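One structure, as C-alpha cells, below. Some questions next.
What you see is a predicted model; the values in this text were computed from it and never measured. So you know, we letter chains A, B, ... as the sequences are listed, proteins then strands, and number each from 1.
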There are 2 protein chains.
Amino acid sequence: MTAPHTVLGRAVSLLRTFSFEEPVLTLSELSRRTGLHKATAHRLCRELVEHRLLDRVPGGYRLSRGLFELGMRASTERTLTEVALPFLQDLYERTHETVHLGVREGSDVVYLLKIGGHRQARSPSRTGGRMPLHATAIGKMLLAHADPGDVASLLTGPLERVTAHTVTAPGILHRQLERALDEGVAFEHEESAPGLTCVAAPVTVGEDVVAAVSAAGPLGRFWPARHAVVVRAVAAAIGAALARRSTP
Amino acid sequence: MTAPHTVLGRAVSLLRTFSFEEPVLTLSELSRRTGLHKATAHRLCRELVEHRLLDRVPGGYRLSRGLFELGMRASTERTLTEVALPFLQDLYERTHETVHLGVREGSDVVYLLKIGGHRQARSPSRTGGRMPLHATAIGKMLLAHADPGDVASLLTGPLERVTAHTVTAPGILHRQLERALDEGVAFEHEESAPGLTCVAAPVTVGEDVVAAVSAAGPLGRFWPARHAVVVRAVAAAIGAALARRSTP
DNA sequence: GCTCGTGTCTCGCTGAGTGAAACATCGGCC
DNA sequence: GGCCGATGTTTCACTCAGCGAGACACGAGC
C-alpha cells in the first residue's frame, strides 16, 4: 500500500489494513503493509486506541467495538436493512438456508445482511463483506440491471476467478445476465465457493434496483430453482414496503 | 463537544457527531457541535469523503457505507455474533418477537444483534446502539453478573430515567439484580420504552458472562415470564457452543 | 432591496507530526 | 551462556501539513 501524505489518510490506511481473515495485526506488520515509518504507525495506533477505534490486544492491534458502533450508525442503507429484515426472516423460515441482502458498489456486491441457522453452508460472504459481482447470484442480478455501459466496461476487464466454476467468459456471463433479466432471478453454482449454490432476485423501487436478495445452500440439499419463486416474492415484497415508506 | 488539538481527534469527533436520530448533518452544524472552525471542518469533511468514510448528500454529510464495511470488520465480537446467530434464529422462530444479543460496555449495553419480524414492537434498541444497563432486561442481567464494586459505583451515581417506569431506586434495582442472579433471567416492564416488555438470560463461557440474550414484545401480547425457559435455554446453548469453539 | 445562514477558497503563520536513530525486550538457535 | 533478528518504545530537531481569520459566493426568506 502506498502511504498518503496526510494524517487522516495514514490513519485510514492503517484501519483498512485489517480484514476478516487477519483481525489482529502487529505494529511492525501494520507499518510494513502501509509503508509507514514504525514510529509513525506507533504514534497513530496509540492515538486510534485512545479514540476507541483500535484495541490493544496481546498479539498486536485490532479494530475495536467503537468502530463497530460507528459503522452501524452509517445510515446509508439502514432503512433498507430495517425494512427488509422481517421479509428476510420469512425467507429464512421457509428455507432454513443462508439468506443475503446485498447492494452494488462498483464491481463488487456489499452484503448488508446475512442470516442463517445451524445447517448453513460454508460460504465466504459476511455482513459488511464483499464479493465480485460476476461470481455471485446477487451480483449477477445487480449487474443485469446495471447501466449497459458499466456492464460493458466491467466485462472487458479481466474477471477474477474465485473458484474453478466462476464464470469468467464475457459471452457466457452476458447470456446469463440476459436470462436473469428475463426470468427475474439469477443463479450461481459453486462460482463463489465450492459446494455452494444460490438464487437471487432484485429489490426494485420504482424503476431502480436498489438491492438484491438471495438464498444459498449446499449443493445436493439445496436446489436453487425450487426456491426461485419464494425469493422473487420476498424481493418484490421488500420493494413494495420500501416504496410505501418513502412515499407516505 | 470540546475540540481536541490533533487531526485524528477532530476527525473522530466529527464522525461521532452523527447519530441514529440525525444521520445527516450540515457542515455548519458539524462545525458548531464539534467546536471546529468552519474552514477546518470543511477541509476534514472533504478528506473524509475522499477516504469514503463520509458521503456528500444534498442535505449535508452522512456516514458512508465504507465506514459500515470497516465497522463490520471489527472482530471484537464477531465470533460471538456468528456463533450466536443460529440460536437467535431459533429463538425468533419460537417467539416471533424481537430478539437481542448484547454485551456490556461501561454503564451501557451495546447491542451486537437485533432481529425481528413484521409484528415487532417499537423499541429504541438497534444493532450497534446503546442503552443504559439499568433500564433494560439484558442490561440488568449483565449488571447482575458484574463485579460488585462496579455495581456499587454505578448504583451510587444518578440513574437515568428513560421512561416513567425506569427503575431508578438503587434499593429496588439491587433486589431485582439478586433475583435475576437467582432465577437466571431478568425482566423489564416498560422501563426502556413504553408498551415494551422483555426477558433476558446470560451467555456464560466458563465463569465469565460474555453477553446476554433477550426476547422483547409489546405489553398485552407478550408475557416475559412465559418465555423465560426458552430464553435461558438459548443463552445456555450459545455459551456451550462458544466453549466448544474456543477449546477444541 | 437587505440580511442571515450556508458552503467554499485563499494564504501567511506555526506547532503538530515526521522519521532517523538509539534503546529495550523478547524469543530462537547454535 | 552469547549471538541474532525481530519486535515495541522513546527521543529530538526539522519542516511541512494543517490551522483559522477573513473574504467571497450563493440562496432563502421576510
Starting from P on C:dT18, measure out to NE2 on A:H5 and report it in whole angstrom.
13 Å

What residues, two or more places apart in sequence or in another chain, satisfy salt bridge (Lys or Arg N to Asp or Glu O under 4.0 Å) together with B:R46?
B:E50

Are B:E69 and A:R16 within salt-bridge range, i.e. N to O under 4.0 Å?
no

Euclidean distance, A:F18 CZ relative to A:R33 CZ, rounded to 0.5 Å:
9.5 Å

Scan residues 21-29 of chain A against DNA chain D and write down, sorted by residue number, each residue with any heavy atom closer than 4.0 Å; if none is found, say none.
A:T26, A:L27, A:S28

Note: B:E105-A:R52 ion pair, threshold 4.0 Å (strictly below):
yes

What one-letter contact string describes nucleotides 22-29 of chain C from 5' to 3', where B marks a base within less than 4.0 Å of any protein heavy atom, S marks contact via sugar-phosphate atoms alone, and - marks no contact?
--------

First and last nt of DNA chain D near chain B, cut-off under 4.0 Å to heavy atoms, 5' to 3', are D:dG18 to D:dA21

Once ring pair (Phe, Tyr, Trp, His ring centres under 6.0 Å) is applied, do any residues pair with A:H118, and if so which ones, sequence neighbours excluded?
B:F87

Kindly indicate whether the side chain of B:Q120, heavy atoms from C-beta on, has any atom under 4.5 Å from the side chain of B:K114.
yes

Results of salt bridge (Lys or Arg N to Asp or Glu O under 4.0 Å) for B:R126 - residues two or more places apart only
A:E82

Check for me whether A:R56 meets the cation-pi criterion with A:Y61, that is, NZ or CZ under 6.0 Å from the six-membered ring centre and within 45 degrees of the ring axis.
yes

Using rotation axes that map the C1' atoms of four end pairs onto the next four (five pairs an end), what angle separates the end axes of the helix from C:dC2-D:dG29 to C:dC30-D:dG1, to 10°?
40°

Just to be sure I understand the geometry, which residues of residues 42-50 of chain A put a non-hydrogen atom under 4.0 Å away from DNA chain C?
A:R43

Could you tell me which residues satisfy ring pair (Phe, Tyr, Trp, His ring centres under 6.0 Å) with A:H37, sequence neighbours excluded, listed by chain and number?
none

Salt bridge (Lys or Arg N to Asp or Glu O under 4.0 Å) partners of B:E190, counting only residues at least two apart:
none

Separation between CG (B:L101) and CD1 (B:I238), nearest 0.5 Å, reads 6.0 Å

For a quick check under 3.5 Å, do B:T166 and B:H134 share a side-chain donor-acceptor pair by atom type?
no

Residue met sooner reading DNA chain D from 5', once A:G59 and A:V7 are mapped to nucleotides
A:G59

Over how many whole Å does the gap from B:H37 atom NE2 to C:dT8 atom P extend?
15 Å

Is there a side-chain contact between B:L177 and B:K140 (heavy atoms, below 4.5 Å)?
yes

Name the atoms and distances for all side-chain donor-acceptor pairs under 3.5 Å in residues 148-157 of chain B, with sequence neighbours left out.
unit_1: B:D150; atom_1: OD2; unit_2: B:R104; atom_2: NH2; d: 3.0
unit_1: B:S153; atom_1: OG; unit_2: B:D150; atom_2: O; d: 2.9
unit_1: B:T156; atom_1: OG1; unit_2: B:A152; atom_2: O; d: 3.4
unit_1: B:T156; atom_1: OG1; unit_2: B:S153; atom_2: O; d: 2.8

Check side chain to side chain donor-acceptor pair (under 3.5 Å) between B:E47 and all other residues, then give those that pass, not counting sequence neighbours.
A:T6

